[in-house]
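Inspection log for the structure reproduced underneath, given as structure tokens.
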There are 2 protein chains.
Amino acid sequence: MPDSTPAAIHSGESLLFLTDEQLRKGIEAMFFAYRGFTADPDRILEQYGYGRAHHRAMHFIHRVPGTTVNNLLSILGVTKQSLNRVLRTLIEDGLVKSSVGNRDKRERHLCLTEEGAALEQQLSDAQRARMRKAYRAAGPEAVAGFRQVLEAMMEPEMRAHFNRLKDGG
Amino acid sequence: MPDSTPAAIHSGESLLFLTDEQLRKGIEAMFFAYRGFTADPDRILEQYGYGRAHHRAMHFIHRVPGTTVNNLLSILGVTKQSLNRVLRTLIEDGLVKSSVGNRDKRERHLCLTEEGAALEQQLSDAQRARMRKAYRAAGPEAVAGFRQVLEAMMEPEMRAHFNRLKDGG
DNA sequence: CTTGGAAAGTCAACAAGGCTGACGTAAAAC
DNA sequence: GTTTTACGTCAGCCTTGTTGACTTTCCAAG
């Protein structure tokens with residue numbers, strides 16, 4: 001049990017924000033907040049018979065139009081079989097278009113159709129509405145801190161993806 | 001598509017942190033960070049043949065020792081059938097102890113056994129280690145902001161639970 | 001030109017962890 | 001004494017993750 005003691009007696013600055021109690025509260029905050037984070041899209045998805053996996057796929061196809069399956073795989077961090085199941089239904093339902101690559105014809109480039117973009121927009125609107133409310137309530141400085149902590153929490157590989165998506169990828 | 005326009009032209013203060021781009025980046029940050037958040041415990045749980053659901057149950061039993069099944073149900077936001085499946089294995093494996101209530105004998109009070117507390121500690125240590133690293137990297141002001149935004153993001157019911165757990169409960 | 005390997009897709013099987021519905025028991029509440 | 005509450009359980013379903021095996025397509029190196 002390496003770290004179960006206060007962890008506060010350290011340097012000159014007050015490190016009270018690093019106590020186990022504070023860290024536990026942070027953990028719980030992440031847990032409860034993530035539920036809120038997904039709640040609104042989940043309600044919409046249910047009406048269409050889709051799940052979170054479909055939302056995630058559509059989100060990143062929207063963000064990186066023309067992305068390959070492999071790239072999407074790497075962003076989402078799932079197996080190709082898992083992604084393929086989701087992708088297949090989205091393609092069958094006419095929400096996503098898969099086109100053979102020009103240079104490399106093994107690759108498939110993924111784009112949202114008009115219908116897919118509309119659903120993505122609807123899901124995104126709902127999720128952003130909650131985000132906006134939270135951001136507005138907390139203020140710009142809090143938002144900056146929020147982003148800093150989240151980024152520091154990511155696995156390096158995921159952080160790389162995150163930063164690659166910067167400002168409209 | 002109600003909110004797909006800048007949303008910035010508003011009051012006097014710069015509301016650039018409320019643009020759709022910023023909100024989308026926040027959404028992606030939540031997604032990528034949550035993966036990191038669960039990665040370390042997941043690796044440990046796998047060795048014991050448990051999953052995230054077991055971790056969550058143990059976490060909150062640790063936080064609210066002697067809690068009832070109904071209370072845990074309400075915190076976790078799942079059905080009693082889902083929780084029961086998890087709880088049963090934890091009780092069978094001797095990690096959780098269920099005891100009949102004194103005042104109300106219909107209720108079961110849940111506690112971690114020594115063995116359960118040890119595993120919870122191990123999981124918690126791993127998760128807190130990542131959290132601590134992120135907190136330290138971001139600094140106290142960022143942490144305060146992080147917590148503010150997360151709290152604002154929660155569903156009211158979950159926020160009530162969150163605040164009820166305040167400072168060791 | 002042939003061949004090795006990467007990219008993509010597919011089939012099968014399985015597990016975790018959600019869900020619903022139905023049913024049973026014990027105890028509290030009315 | 002009836003109803004409600006708390007809990008447990010059985011059965012079955014869904015989504016979404018996993019592994020393993022296999023095929024097809026195609027680029028690129030030999």
Side-chain angles (χ1 to χ4, degrees), chain A residues 31 34-35 38-39 41-61 66-93 96-111, chain B residues 31 34-35 38-39 41-61 66-93 96-111:
Chain A
F31 170 70
Y34 199 78
R35 304 259 305 274
T38 56
D42 281 356
R43 272 187 284 271
I44 296 167
L45 287 159
E46 205 188 351
Q47 298 167 6
Y48 292 86
Y50 294 130
R52 255 177 232 181
H54 300 86
H55 182 193
R56 292 199 277 261
M58 283 191 286
H59 175 99
F60 288 109
I61 293 172
T67 185
T68 64
V69 172
N70 248 8
N71 184 43
L72 199 52
L73 237 38
S74 167
I75 291 174
L76 294 173
V78 297
T79 60
K80 63 174 177 172
Q81 292 91 331
S82 280
L83 177 57
N84 199 255
R85 179 170 32 200
V86 163
L87 232 37
R88 198 189 321 159
T89 71
L90 290 175
I91 291 169
E92 279 171 4
D93 296 355
V96 168
K97 199 182 56 135
S98 166
S99 52
V100 176
N102 288 328
R103 294 166 310 183
D104 188 334
K105 290 177 185 169
R106 289 168 305 181
E107 293 179 341
R108 303 297 137 90
H109 297 281
L110 304 168
C111 291
Chain B
F31 170 69
Y34 199 79
R35 303 259 306 275
T38 56
D42 280 356
R43 272 188 284 271
I44 297 168
L45 288 158
E46 205 187 350
Q47 298 168 8
Y48 292 87
Y50 294 130
R52 255 177 234 181
H54 300 87
H55 183 193
R56 290 198 278 261
M58 283 190 288
H59 176 99
F60 287 110
I61 292 173
T67 183
T68 64
V69 173
N70 250 6
N71 185 43
L72 198 53
L73 237 40
S74 166
I75 290 174
L76 294 174
V78 297
T79 61
K80 63 172 180 172
Q81 292 92 330
S82 282
L83 177 57
N84 199 254
R85 179 169 35 197
V86 162
L87 230 37
R88 200 189 320 164
T89 73
L90 290 174
I91 291 168
E92 279 171 2
D93 296 355
V96 166
K97 201 183 54 142
S98 166
S99 54
V100 175
N102 287 328
R103 294 168 308 186
D104 190 332
K105 290 176 187 172
R106 290 170 305 179
E107 294 179 342
R108 302 298 137 89
H109 297 284
L110 303 168
C111 292

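Proteins get letters first, then strands, A, B, ... in listed order; numbering begins at 1 in each.
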Whole angstrom is fine here: how far is it from [atom1] in [X] over to [atom2] in [N]?
{"X": "B/Q81", "N": "C/dG17", "atom1": "CD", "atom2": "P", "answer": "16 Å"}
{"X": "A/L45", "N": "D/dT15", "atom1": "CG", "atom2": "P", "answer": "12 Å"}
{"X": "B/H55", "N": "C/dG18", "atom1": "NE2", "atom2": "P", "answer": "14 Å"}
{"X": "B/D104", "N": "C/dC30", "atom1": "CG", "atom2": "P", "answer": "12 Å"}
{"X": "A/L72", "N": "D/dT16", "atom1": "CG", "atom2": "P", "answer": "14 Å"}
{"X": "B/R88", "N": "D/dG8", "atom1": "CZ", "atom2": "C1'", "answer": "8 Å"}
{"X": "B/N84", "N": "C/dG24", "atom1": "CG", "atom2": "P", "answer": "18 Å"}
{"X": "B/H109", "N": "C/dA27", "atom1": "NE2", "atom2": "C1'", "answer": "13 Å"}

Does [X] have a side-chain nitrogen or oxygen under 4.0 Å from the phosphate oxygens OP1 or OP2 of [N]?
{"X": "A/T79", "N": "D/dT18", "answer": "yes"}
{"X": "A/R85", "N": "C/dA12", "answer": "no"}
{"X": "B/H54", "N": "C/dG17", "answer": "yes"}
{"X": "B/N70", "N": "D/dT5", "answer": "no"}

Both A/R103 and A/R52 contact DNA chain D. Which one's nearest nucleotide lies toward the 5' end?
A/R52
Need to verify one output field. Residue with the more 5' nearest nucleotide on DNA chain D, A/S82 or A/K105?
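Nearer the 5' end of the strand: A/S82.
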Take the angle between the ring planes of B/F31 and A/F60 and call it parallel below 30°, perpendicular above 60°, tilted in between.
tilted
B/D93 and B/Y48: side chain donor to acceptor below 3.5 Å
no
State which of [options] makes the closest approach to the side chain of [X].
{"X": "B/R106", "options": "C/dA27, C/dG18, D/dG17", "answer": "C/dA27"}
{"X": "A/V69", "options": "D/dG17, D/dC7, C/dA8", "answer": "C/dA8"}
{"X": "A/V78", "options": "D/dG17, C/dA8, D/dC7", "answer": "D/dG17"}
{"X": "B/A53", "options": "D/dC10, C/dT20, C/dG17", "answer": "C/dG17"}

Identify which one of A/D42, A/I44, A/L45 satisfies the side chain to side chain contact (heavy atoms under 4.5 Å, CB included) criterion when paired with A/Y50.
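Single side chain to side chain contact (heavy atoms under 4.5 Å, CB included) partner of A/Y50 among A/D42, A/I44, A/L45: A/L45.
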Check whether any side-chain heavy atom of B/T68 lies under 4.5 Å from a side-chain heavy atom of B/R108, and answer yes or no.
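No, too far: nothing below the 4.5 Å cut-off.
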Hey, are the side chains of A/E107 and A/N70 touching, using non-hydrogen atoms and a 4.5 Å cut-off?
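No. Closest side-chain heavy atoms not under 4.5 Å.
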